[in-house]
Amino acid sequence: MVTETMLDIKAIRQDPEFFRRGIARKKADPELIHQLLTMDESWRAALAEVERLKNDRNRASEEIAKKKKSGEDASESIRLMKDVSDRIKLLDETVREREAAVKDLLLSIPNVAHESVPDGDSEEDNVTLRHWGEKPQFSFEPKHHYEIASQLDIVDFERAVKITGSRFILYKGLGARLERALANFMLDFQTEKNGYQEMFPAFIANADSLVGTGNLPKFGEEMFRLEGLPYYLIPTAEVPLTNYYRDEILSIEQLPVKFAGYSSCFRSEAGSAGKDTRGLIRLHQFQKVELVKLVLPENSYAELDSLIEDCADILEALELPYRVVEICTGDLGSKETKKIDLEVWFPAQQTYREISSCSNFEDYQARRANLRFRRTETSKPEFVHTLNGSGLAIGRTLAALLENGQQSDGSVRLPKALVPYMGGIEIVN
RNA sequence: GGAGUGAUGGCCGAGUAGGUCGAAGGCGCUCGCCUGCUAAGCGAGUAUACGGUUAUAAGCCGUAUCGACGGUUCGAAUCCGUCUCACUCCGCCA
């Protein structure tokens, strides 16, 4: 059963002050905690009352059964219980309403950031942790990736708009080959070198799965929904991979689970009109190799570090300069406790752009997706911690390769690691 | 898409003239006994969630859960309705 619980209500009852401070760091209203606890109390009061009535009813039912068996008259008890049953029906409704209210409030409360996350108000306050690689020097004015792609005729922007619409593209010739080569290279790398299990999921997921990862109910407008069906195009392979063990209890030997999944990703990009409208940066459909880990709670921050390394490995193998950026509390999503972005260098724009995002959700998704493990055969199930990171977004990787590898004659030199995947082609021209 | 069958605990599998059924039995598993070792045998235990009590322990009390949701009833695994899924046959396709 998928729950819509986000945080542990028991933990909040236990230490409300901790959560007040925690959500204040994320720029949410600390008063929410008070509202939550008030509603929680009234829910529990109603629950206790209705459970007491049900207890009465169960007892009376036993009595009635006995009387009937021995031939006594039970009509008086039955008359009394009819009244009790009616009251239960009404109170049950109250309990349901208050429970729903508690869940709504819980959903509006963001996950508390890890103590190591830097304070900040916005993306301005994110902290660059390190840089890797030499930015390429050009003896000419470097072109934008979309200019290069158009001139080499490896991406057809105009006809893709005709066929589908804006923010869709079509890879052509060596562009299509490059897209395929990148997918194969990334999957081979993550499975052979970094020990992930390859997964190829359906690109459509049901509502329960999207609730499990936290895409629903709050972010439904960012996804494409199939008309008349409770199905959505997945915004990332994180959805099917994280939900793979939903409602299951794993044994401790199975952890950590490490999945690498290739998929198309569909984003409606509602509210991003006018942003990055050219090129491969912001599309309704792109391909990505996603890494997902299910891990022991005590290991999740070490696992986040290694996840970042696994993603950075790809950039290094592709000889792309990048930097590592720690997201501050004000820029952190409501679900993550800590997030590190990898940003790749785009010479034409003279800027770094996000190409991978690695996050720890602690037990946020596990709680929603009911993803648990047992330490021993007889111990109580506990929630795992879930993490994911892009390893990597293929469209943006392809764009970065074009810009960083461009030469004065308009051709593009490919990194050595990719050449075997391109059937020996070193230069795209 | 058409026709039919089914859905019970970790697994298998009883249970429909509604009544102490959270659910017989078996397997598996855990602990103990026994046994040169292993196997066999003997005994006990073995779901989850939520609420209450409590030390945020154990235990105890209560409520709910027999695919899901809703209904009938004092009372539903058992009756009725809707849905979902699985399997078989036909059709269609890659």
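Each chain gets a letter, A, B and so on, in the order its sequence line appears, and its residues count up from 1.
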Atom [atom1], compared across [N] and [M]: separation rounded to whole Å:
{"N": "B:rC66", "M": "B:rU48", "atom1": "C1'", "answer": "13 Å"}
{"N": "B:rG9", "M": "B:rG67", "atom1": "P", "answer": "8 Å"}
{"N": "B:rG71", "M": "B:rA86", "atom1": "P", "answer": "28 Å"}
{"N": "B:rG18", "M": "B:rU78", "atom1": "C1'", "answer": "6 Å"}
{"N": "B:rA7", "M": "B:rG59", "atom1": "C1'", "answer": "37 Å"}
{"N": "B:rG13", "M": "B:rC27", "atom1": "C1'", "answer": "10 Å"}
{"N": "B:rG62", "M": "B:rG6", "atom1": "C1'", "answer": "35 Å"}
{"N": "B:rG10", "M": "B:rG1", "atom1": "C1'", "answer": "38 Å"}

May I ask you to evaluate whether [X] reaches the phosphate of [N], defined as a side-chain N or O under 4.0 Å from OP1 or OP2?
{"X": "A:R98", "N": "B:rC50", "result": "no"}
{"X": "A:K10", "N": "B:rU56", "result": "no"}
{"X": "A:S85", "N": "B:rU73", "result": "no"}

### Task
Classify the nucleic acid contact of A:R13 as base, sugar-phosphate or nothing, counting any heavy atom under 4.0 Å across all strands shown.
sugar-phosphate
Can you check the [X] [atom1] to [N] [atom2] distance for me, whole Å?
{"X": "A:E49", "N": "B:rG51", "atom1": "CD", "atom2": "P", "value": "18 Å"}
{"X": "A:L53", "N": "B:rG75", "atom1": "CG", "atom2": "C1'", "value": "15 Å"}
{"X": "A:E63", "N": "B:rU20", "atom1": "CD", "atom2": "P", "value": "14 Å"}
{"X": "A:K103", "N": "B:rC50", "atom1": "NZ", "atom2": "C1'", "value": "10 Å"}
{"X": "A:I9", "N": "B:rC50", "atom1": "CD1", "atom2": "C1'", "value": "12 Å"}
{"X": "A:L80", "N": "B:rU73", "atom1": "CG", "atom2": "C1'", "value": "16 Å"}
{"X": "A:R96", "N": "B:rC69", "atom1": "CZ", "atom2": "C1'", "value": "11 Å"}
{"X": "A:N206", "N": "B:rA68", "atom1": "CG", "atom2": "P", "value": "17 Å"}

Pairing of [X] and [Y] as salt bridge, 4.0 angstrom limit:
{"X": "A:K339", "Y": "A:E326", "answer": "no"}
{"X": "A:E51", "Y": "A:K54", "answer": "no"}
{"X": "A:E99", "Y": "A:R96", "answer": "no"}
{"X": "A:D276", "Y": "A:R353", "answer": "yes"}
{"X": "A:K172", "Y": "A:D153", "answer": "yes"}
{"X": "A:E97", "Y": "A:K103", "answer": "no"}

Would you kindly say whether [X] and [Y] are connected by a side-chain donor-acceptor distance under 3.5 Å?
{"X": "A:Q285", "Y": "A:S264", "result": "yes"}
{"X": "A:D341", "Y": "A:S357", "result": "yes"}
{"X": "A:R246", "Y": "A:S209", "result": "yes"}
{"X": "A:N360", "Y": "A:S300", "result": "yes"}

### Task
Can you label the angle between the A:F200 ring and the A:F203 ring as parallel, tilted or perpendicular, going by 30° and 60°?
perpendicular
### Centroid-centroid under 6.0 Å between A:F259 and A:Y244 rings
yes
### Query
So, do A:F266 and A:H284 have ring centers that fall under 6.0 Å from each other?
no
## Note on the structure
Note, RNA chain B 5' to 3' with Watson-Crick or G-U pairs under 3.5 Å encoded as ( ), [ ], | and . gives ((((((((.[[[..)...(.....]]]((((((.......))))))(((((((.....))))))).[[[[[..)....]]]]])))))))....
### Query
Are A:K335 and A:F361 in a cation-pi contact, defined as NZ or CZ under 6.0 Å from the six-membered ring centre and within 45° of the axis?
no
### Summary
On RNA chain B, more 5' by nearest nucleotide between A:Q14 and A:P381 is A:P381
### Query
Can you pull the salt bridge (Lys or Arg N to Asp or Glu O under 4.0 Å) pairs that have at least one residue in residues 225-243 of chain A, sequence neighbours excluded?
none
Could you go over nucleotides 9-11 of chain B and give all protein N or O partners under 3.5 Å, atom names and distances?
none

### Task
Take A:I327 and A:V127 through the side-chain contact (heavy atoms from CB on, under 4.5 Å) test and state the conclusion after the steps.
CA-CA 7 Å; A:I327 306 304; A:V127 178; over 6 Å; no
Set out, line by line, the N/O atom pairs under 3.5 Å between protein and nucleotides 57-60 of chain B.
none

### Message
Output one letter per nucleotide in nucleotides 61-67 of chain B: B when a protein non-hydrogen atom lies under 4.0 Å from the base, S when only the sugar-phosphate is that close, - when neither is.
### Response
-BBS---
### Query
Step by step, would you call A:Q365 with A:T386 a side-chain hydrogen bond (donor to acceptor under 3.5 Å, both in side chains)?
CA-CA 7 Å; A:Q365 290 180 325; A:T386 67; 2.7 Å; yes
Could you go through nucleotides 17-19 of chain B and list every protein N or O atom that sits under 3.5 Å from one of its N or O atoms, giving the distance for each pair?
residue : atom : partner : partner atom : Å
B:rG19  : O6   : A:K68   : NZ           : 3.3
B:rG19  : N2   : A:S61   : O            : 3.3

### Summary
The reported gap from NZ in A:K338 to OG1 in A:T329 (rounded to nearest 0.5 angstrom) is 11.5 Å
